[in-house]
Structure formats: C-alpha cells, structure tokens
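Within every chain, numbering begins at 1; the chains are lettered A, B, ... in the order of the sequence lines, protein sequences first and strands thereafter. None of the values given here were measured: they were computed from a predicted structure.
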Amino acid sequence: MPDSAKYLHPEAIRRISRLELRARHIVEGFLSGTHRSPYFGRSVEFLQHRQYAAGDDLRDVDWRVWARQDRLVVKQYEEDTNLRVHLLVDVSASMQFGNGVFNKYEYSATIAATLAYMILRQHDAVAAMTFDAQIRQRVPLRSQRKHLRTLADAFAMDHPQNKTDLFGILQRAAAIFPRRGMMIIISDFLCDTEATLRGLKLLRSQGHDVLVFHVMDDAELDFDFSGPTRFDSMETDQFLRCNPQALREGYLAELQKFLDQLRRGCADSRVDYALIRTSDALDAALPLYLNKRLGKRVGR
Amino acid sequence: MLQNLLTSSPWLWGGLIASMLALPILIHFINQLRYRRIRFAAIDFLLASHRRNQRKVWIKQWLLVAARIVALLLILFSVAQVGCEQNRLTSWLGGSVIHHYVLLDDSYSMGEKDGDQSAFDRCKETLRVLASQLSVKNGQRISLVRFSQAQIAARSDEIREPGAENNFPVLDVNGQVIDRGFESQLESLLGRITVSSMSCGPHDAIELANRLIQQPVGETPVVYVLSDFRKKDWGQATSAVTSLDGLRRSGASIELVRTTEYCSANLAIVDLAIDSSVRVASVPIMMTISIRNFSAETIRNIQVRLQSASYSESESTGAAPDLVRVTPTDLPMLLVENVEPGETVTQRFSVYFAQPGQHAVFAKLPDDAMDSDNERFVVLPVKAQARVLVVGNSTDDDTSIVSLALNPGNMTGIATVPATAAALRDATEQELAECDAIFLLGVERLEEAAANRLYDYVSAGGGVVFFTGPSVDVNAWNDVLYKNGNGIFPVALDSAVEIPVDSDETTVDIQSERHPVWSHVLDVKNSPLALVQVREVLRPALEWSAETDNVQVLATVRGDSTMPLMVEKKIGKGTVLAVLTSAGPLWNNWCRNGTFPASLLLMQEYVGRNRNETAFHQIGNAIVKTRRNPNVASEYAIVVPGSVASDRVVWPKGSAGKIGNPSSSDFVEVAANESTQPGVYEIWQPDEAGVMQVERIAVNVDTRESEPELLNAGELNGLASGATDRVTSANEFMPGAKLNQNSNLTRLLFFVVLLVLVAEHFLASANSYH
C-alpha cells in the first residue's frame, strides 16, 4: 500500500476535524503519491512570464530566464485561470445515512473540499452550492486560495435535512451559472432519476462539463442487514418492517436498475459519472477530476 | 425423570405437543415485534423489493415456522421413542425392538433363606429393578418364564407349535409391550408367584426361550437368567450349557444374574420308606427315614416329627371326598443324634394302624434355611390281613406246617389259603392278584396253564416260593416250570440226592448267604439254623449254571457250590425263591427249628415286597391312573393337598374338569401343572359297581435340588462365553446399556431431525433469523 493510500484512508482522515485541513491533507497526500506526474507535466500551452512573488511555487520559476537575465519570473499558462468549477453538494436528509466512518454527507463534503483545494491550487475559480430541495448555501466563484476556508465552512455548516429535488436544483444552477464551466455534482441521487437526468441534460445543453460523483454507502450497495428490522425513510414518513435477507435480492436488483439507469443516462448526456463508496479512499474523486481537467486542456 | 414425565399422562403429552406447536409460532411473532430501527436512505428500492417478494417472503416465514414445529415434534418423539412399540413400523424401518426374556429359577432351592431374604426374594427385587428401568423405555417387550412352568410344559407337551396364535400357557408374561402400567402389573404378578416345590433345571426354560426368540421378526433378544446356579443344573456336563449356546446362536445376549453367593446349613429328608412288606392292621409296620446333611458342619440332636393320618375303610369307599376329614396324629418323635456333613443317616421306626385303609405317614424336620426338603410323605396301604396262597399235596403235612409257621398265634396278620395244584390251575387272574405271595410245597407237577398263570403273576410283581420234596416229578418240573431257563422255576433239576449224615454234628447244613431272607440269622452267634439237618435235596442238573440263568444262590448245603439249597430269580417285577428241599420234615428237620417261621415270614415279605411297593411320585409329574370304570365318564374327583398337609382341595368343584379332566376315557390324570404341591393326593373314581373308591398317592420333592454345590465365579463366567454375555449379582444388577432401543426408528428420527434443522437453518438465514 502506498503511503498516500494509507494516509488518505477515511479512518485516518476522520481524525482531522477541520474540513479545510482535511482537504489539504488529502490533496498533498495525493500529489505526493504515484499519481502526480501524469497530470502536472509542462505540456500545457505557455502564455507569458510574470514577476515572481512570494508564495509562488518554485517549480513554476523559469530558471533559464534567471540564468540569462538574473531575474525571477514564473511561467503562466493560458488556461490556468479560465476554468470555472461549480461544486454542487447534496445535503438532503438521505445524505445523513452511513454505516461506516463517514456518512454520505461527511464524505461528500470532504471530497468537495478536496476538489476545491485542488481546483484553487491550480489557480482555477471555484464556486459551491449545497442543496436539498432548496439551495442551502451558495459560495461565489473565486480563485484565491483563501477562498477554500469559505468553501469549507459552507460545506461544514449544513446539516442534512429535507428531501432532494435535484431537477429543480439543476434548473436553478443552470440559471445561476450561465457561463460555461465545469459542474461537479456530489449526491446520492436518491430522487426522481428521470428528472435528475433531465437536469443533467439541461446543464450539458448550456455547455457545462458535468462531473457526477454518486456517493453511496456500503450498506446501501451491499445491503448486509440481518435480523428483524424496521427501515424508516430518511426523507419521508415511509417505513418497512421486514427481514432484510428475505428482501436483499430484490433490493439489490432494484438498486442495480437504478444505478444502470443513472449511469446510462449520464453516458447518453456525456456526463462523467463515478460511483464512490463511502469506504473508498477520500482522494478517489481526484483522478476523475484531473482526467477531466486534463482532457479539457488537451482538447483545446 | 424426563422420560417418566413423557409417559405419565395423555394430558402431559397433549400439553407437550401443544407447546411444540405454539413455541415456533410464538417465536415468530416475538421476532416480528422485536426489531431494530434503521433510518435508511434507499428505502424506495426496499419497498419495491418488498412489493415484489411479499408472497414469497410470507411463504418462507411460515415454512420456517413449520420446520421448527416439525423439528421440535421430532425431537420430542425421538426422546420419548414414540412408535418404537410398533413392531410393524419398526420392522418396516429395518430396526428392531429389544425383547427382554426373563428366565426365573423358581426351583425350591431358591427358597433358601439368607437372613430375612430368600434367593427368590432377590429374584423379585431384580425383576423390580428391571421393570423400573424398562418402564421408561417405552416400546420394549418383556416375557417372563419360570423354570417350573417351562418344565411342566415340556413334560405335558403343552407348548404350541411355533407360529401358533397367541400365548404359551406357561408364560407369566408373554411379549408384553412395556408401558407405564407395567410396573404395577409386575407387582401384582410377583405377589402371586412363589418359589415352587419342584426341582427344575434351566434346560426347559432356555429351550422355551429359544423357541420364543425364533418366532418374532425384528426383535433383539436379551435373556436374563435369574438363578442360584447350582452345579447340578449348570455344570459343564449339563444340558443347560448346550441350551445357552443355542440361545447365542439365535442372536440373544445373555445376562446371568446370581442370586445366591453361598449355601446355608440344610438338612433334608431324602427318603421315607415302608420297610415291611406285610402291611396289615394291628401289626406294627416298620419304616425307615433317611436324613441327609447338606451343610458343611455336623448337625446334632435332630428331632424328627412324625405324624400319621389314619383313614378308615368307610372313608375310602362311597364317601364324598369333601366330607373326608382327618386330623394327623403325632407319632413318637424321632431323635437323630447327629448327621455328619454330606452323610445320610437312616433310622427305622414303626407305625401301627388298628384299622385297614390307605393311611399316610408324614415326617418333618425342624425349620432350616430350606424348608421344602424338610417334609416327606408316604401313603401306607394297610390291609386287614395279608393273603398267602399255600399250594401243596394233599398227601403230606407241608401245607399245614407252612400255614402255621406263617401265622403263629394269629400274630402276623397273614391269612393262608390252602390250595391244590388243580385249584391253582383254575384260579382266575384276579384271585391270584389278591395274594401277597404264593407258596408251592413239593407238588408233583403243575399243568402248563397253571405254570403260565404263575409266571404272569410273578411278572406283574407277585412273589412265589417253591419248596421241593419227594413227590416232585423232576421231568415235569423241568419241562413245565424250568423250560430251559425261560420258565418260572429257576433250577434245572436232576434228581434227589441224599446228604450224608454228619455224625459229629459239626457241619452246618444250611450255609446262608448275606440276604434279607436270612437277616434273622446273620451275624448271630450260635444261630439255631446251625442245628438244622438236611437229609435230602434235589440236585441241579450238571449243565445248569446259576450265572447262565441269572440266578442268585442264597444258601448251599454245607457250602457245596454244586449243591444249592435256596436260589432267587427275578422275573419281570416279581421274585421267585426256590428251596431245593422239602418244607415239611420229609427231607429235613427245619420245620422243627425255631428259625423256620421267621425264615418263612421273611421269604413271604421278600417276595411280596414288590406288590406292596408304593409308586414314588415326584412333584411336577403328571399322575396318571387307569380308570376303574371307563363307562362312567364324569364321576371322579381329585383331592390335592393345600399349602399345609391337612388342607384338602377337591376338584371338580362345580366347574368340571379344571383338573383331573381325563386325558382319555381310559385314564384319570392329575395334570403336571397341578401336582406342584407336595403331600397326599387322592383320586376318587367309581369302580365297576359304581362305588367311589379312593387311591391315595404321596407326592414328594426331588431332594437332588438340595445339593448345595454352587458354581464358583470362574465356572459362572465360563458359562457367559458370548461376546455380549454378562454375569452379575442380584445385588448389583443394573440392566444398563441393554435397555437402549436398537431401533432404526430412533436413528431415522434423528436423521430427519437433522435434515429439518438444516432446512430450518437455511430458511432462517433466508428470513434473516440467524
């Protein structure tokens, strides 16, 4: 097991209480691991030199200029500040569920903060929005690194409640963020799937790159409950008293149908979809994001 | 204890089954109520699954409940071994029911007491232990047979053929299925059975058990032999050893349960006999009693109680058996000074009856460890007079001399009947049969018919004494009486020979051998017999040999072996004595000698003893008597002794033929199973004139049963040679592992339970109950 994997394990990360620090830890751990070089080569398109300022990464210093002209400048690339990333994090009541170290909300908030840190670290602008049936928090688009604290506070402040209305949220997001950018949606998508897919399609139609992180708990995916159990819905008044093993097969079939529908719908709309378990390492979302980011640069 | 509960009442059974039914249902509902709560996000999928699988889940749940009910019921039935008593079911399953065969030694030696308990009491205790253990093993079977009953059945041939319906009459318990009521049944049975008075070995009981074992299919036989294991019955040479092997070959496992470890001191009357052959009223009759010491110590000062029961003639004919009441009279007590260990002491005593009749004499020893052999009975038929036929020549005085000598002063009770050879020829068989003895005194000749009649008379047990004399036609006697050794006369005669006169009178003419007829002169100094002078005798033919003709010489003339004076020949049941000189004074002076009357009386008694010999009947044998009047079919009665000698039980008693039912029109029989009590039995039946006549018969124990030698531990273990055989003491008896039901039903139940439990496990897992 690489060190990064060890340090990014949810058990370890949970000990870090502050979301901001947690995000830094994850990203730095991730970057120090084996996945670093594929995403941070200097093959991206050079734009100009800028005078070195304190705090700039020494790796961005153009040492040839320093050797010839004896001044410190840093290289700047064309797309570095053009990417606008919108983080949409589901904080509905269903996100409160979790049997592991993190519940779905905690996990989602953590990976949202992690992504934010990564985005800000790359000098991209990031905005965020938490939602259930309504928009709960909204953080404007910024690219400063200190913006991470604002974002982290927004993620951490919310306590999951109410139902999810993803279609409505996506409609509003499309209205709020009319300029093209990258939409990262972190949710369990336990709502009307058809409507959700319609919302995703709407975002795509506005030119957004959409990245979906479908966060599910192990207990939801594996359904390893046993013994007489009363299941209470987290968002409605519904409940069911049953022996879970008797219904497991049917449950898993229904779940798979749901996942398939969501995955297929995303593929149809050219939305990147990733199913993430709450037991997965917390940097699981980063490769997907970076791939997407890289693909965007290469594609230009 | 649990099994006792299970078998105690149908209500309990009902309750248990209801509980077994209710428990899983209750658990099901408790499970429904006892749940944990989980707030779950993806409940829509769960609800969808529930909607789709609702019926399937419901069926699974109730299948689980049903499986649990079945498992509990099967476990209950398995523990209680329900169905194991169903032979057919067990047989169908290829299993077997254990059948316990208990062979109970009830010969009278089992009555030997050791403290307060007899060996038979310990047998009963052992049976109780067995029954107690078996009563919790529902469905097993038990049969109980006593040695005595098996022996009686074997002798009476009462056992039906194998495969015959229903029970053997000899079995106290026959293949009974053991249930909760068995213990009380057994207790009732044990209250009824007592140790018998029989001497019975194990052979018949084991053979019977072997036959029983071979009848049922699908049973595992276990044979318990409860006995004292006396060497006479169980020694290596006895048939019991072979019989046990037969049991083993039949697949039985054998458990030998010893009830006695050692024998106590015991005395027994081994014989009570009438010594006198002249048994007439008003004349003392000599009897002998033999007492044997079966213990290891000398027993001293033994007081033998003697009693006589005197029946008058009037009570022997025409009387109703019920009305005959006799109180035994005590005779003078007999004192035996001491009897050494293993020795038998015989003492003589006399009894006197004033009246003729079939009297009885009883002898009883003081109580000891074994009571059955302390008593003995004998029937003593006493006549008014003994009848002796004296056949002689009309030309001499021999007849009167012999008649006078046989009843001097009318003191001997002998009535002599003078007769001639012609009268003998004309006498009927019945007339001769009434004679106790016949004296033939030097008759010239006998006709062939008379000789044949005499021969038949002797063959039937009669006694004849021949005297010769000058009138004897030697050739006629040889032809008609001797018949080359096949006739009644024992000697082939040659001719008369004179004995030279001994002028010194130092030679004893009659040299007697040691024989009962000379008992009055044996070992007597200066016997008057020495004074007898024999002047002439009939000499045997030269070719005659005593040995060839199987004749015993009882006296010779002056010790000359070629000159026998008195010889004896046995013919059939009777005896013939031949004196080769005259009875009167023609050839000797014996009749003037003082020994002559005694000699004649002894001769008469000796030859007449066979006619007066009373038949010895042993307990457990059928008593069969010829019917006096076959034309009268139903008028008979049999009196058997009760528990004490004076008791009288008369059959038939309203219900005809419980006992004494004639086995054929020719016989009256006391069945073997009813002659199990020692004492005096009476058979009353009408004679040809229709008058009821009684015949009394003494039945005594077989004292061989008193032999004290027991098998030692090694010998007993040697008997139990089978792999599954076991030897135990009654005090330590525990049936143990042999009680376990060897039934495939149990195994099947457990197998099914296992399957059901596996099914329950999967169903429960599927239903989230595990």
Side-chain angles (χ1 to χ4, degrees), chain A residues 90 92-99 103-105 160 163-164 187-193 214-259 261 278, chain B residues 20-72 754-770:
Chain A
D90 185 355
S92 66
S94 65
M95 294 295 283
Q96 190 74 27
F97 180 77
N99 264 3
N103 61 30
K104 288 190 287 185
Y105 161 69
K163 293 177 66 173
T164 315
S187 171
D188 57 9
F189 295 96
L190 294 178
C191 53
D192 184 352
T193 310
H214 188 181
V215 177
M216 293 290 277
D217 193 81
D218 286 348
E220 289 173 324
L221 291 170
D222 300 332
F223 203 67
D224 284 333
F225 297 103
S226 63
T229 310
R230 173 179 157 144
F231 292 96
D232 291 315
S233 171
M234 300 181 83
E235 296 184 352
T236 64
D237 295 333
Q238 287 179 303
F239 69 91
L240 177 65
R241 209 161 51 208
C242 65
N243 291 307
Q245 289 299 317
L247 298 177
R248 181 172 185 269
E249 197 178 335
Y251 169 87
L252 292 178
E254 290 292 325
L255 177 70
Q256 192 60 46
K257 200 165 85 178
F258 159 69
L259 294 176
Q261 184 185 8
T278 52
Chain B
M20 300 298 112
L21 291 171
L23 194 62
I25 297 172
L26 198 64
I27 289 171
H28 172 73
F29 285 118
I30 288 172
N31 276 332
Q32 293 290 312
L33 295 174
R34 186 182 58 84
Y35 53 82
R36 59 175 175 162
R37 291 184 73 156
I38 291 177
R39 295 187 73 232
F40 192 61
I43 196 167
D44 288 342
F45 309 132
L46 199 55
L47 288 168
S49 174
H50 176 68
R51 279 193 295 275
R52 208 166 52 194
N53 296 303
Q54 196 167 9
R55 178 180 292 273
K56 206 163 105 182
V57 168
W58 186 87
I59 290 170
K60 275 186 183 175
Q61 283 180 343
W62 286 104
L63 272 177
L64 174 66
V65 171
R68 286 175 173 174
I69 289 172
V70 170
L72 286 173
L754 195 65
L755 284 180
V756 171
L757 286 176
V758 169
E760 189 273 344
H761 175 78
F762 284 112
L763 281 168
S765 297
N767 285 294
S768 280
Y769 282 129
H770 283 331

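In this structure, chain B has heavy atoms under 4.5 Å from both the backbone and the side chain of A:Gln238. Interface remark: A:Leu240 contributes backbone and side-chain atoms alike to the contact with chain B (heavy atom separation under 4.5 Å). Of the two parts of A:Phe239, only the backbone, made up of N, CA, C and O, holds a non-hydrogen atom closer than 4.5 Å to a non-hydrogen atom of chain B. Contacts between A:Phe97 and chain B at a heavy-atom distance below 4.5 Å involve the side chain alone, from C-beta outward.
Residue pairs meeting the salt bridge (charged side-chain N to carboxylate O under 4.0 Å, His left out) criterion with at least one member in residues 245-256 of chain A, sequence neighbours excluded, are A:Asp224-A:Arg248, A:Glu254-A:Lys257, A:Glu254-B:Arg52.
Formation of a donor-acceptor pair under 3.5 Å by the A:Thr229 side chain with backbone atoms of B:Arg36 is not found in this model. Of the possible polar contacts, none joining the A:Ser94 side chain to the B:Ala41 backbone as a donor-acceptor pair under 3.5 Å is found.
Between atom CD1 of residue B:Ile43 and atom OG1 of residue A:Thr236 there is a gap of 6.5 Å, rounded to the nearest 0.5 Å. Within the model, atoms CD of B:Gln54 and CG of A:Leu247 stand 9.5 Å from one another, a figure rounded to the nearest 0.5 Å.
Among A:Lys104, A:Met216, A:Met234, A:Arg241, the residue with the largest count of heavy-atom pairs under 4.5 Å with chain B is A:Met234. In terms of heavy-atom pairs under 4.5 Å with chain A, the best-connected choice from B:Leu46, B:Asp44, B:Leu47 is B:Leu46.
Residues passing the salt bridge (charged side-chain N to carboxylate O under 4.0 Å, His left out) test with A:Arg230, sequence neighbours excluded: A:Asp232.
For the pair B:Val57/A:Asn243, no side-chain contact is recorded, criterion being any heavy-atom separation below 4.5 Å from C-beta on. In this structure, the side chains of B:Phe40 and A:Glu220 come closer than 4.5 Å at one or more pairs of heavy atoms. With contacts defined as side-chain heavy-atom distances shorter than 4.5 Å, the pair B:Phe45/A:Phe223 does not qualify.
Within a 6.0 Å sphere centred on CZ of B:Arg55, heavy atoms belonging to other residues, nucleotides or ligands number 12 at most.
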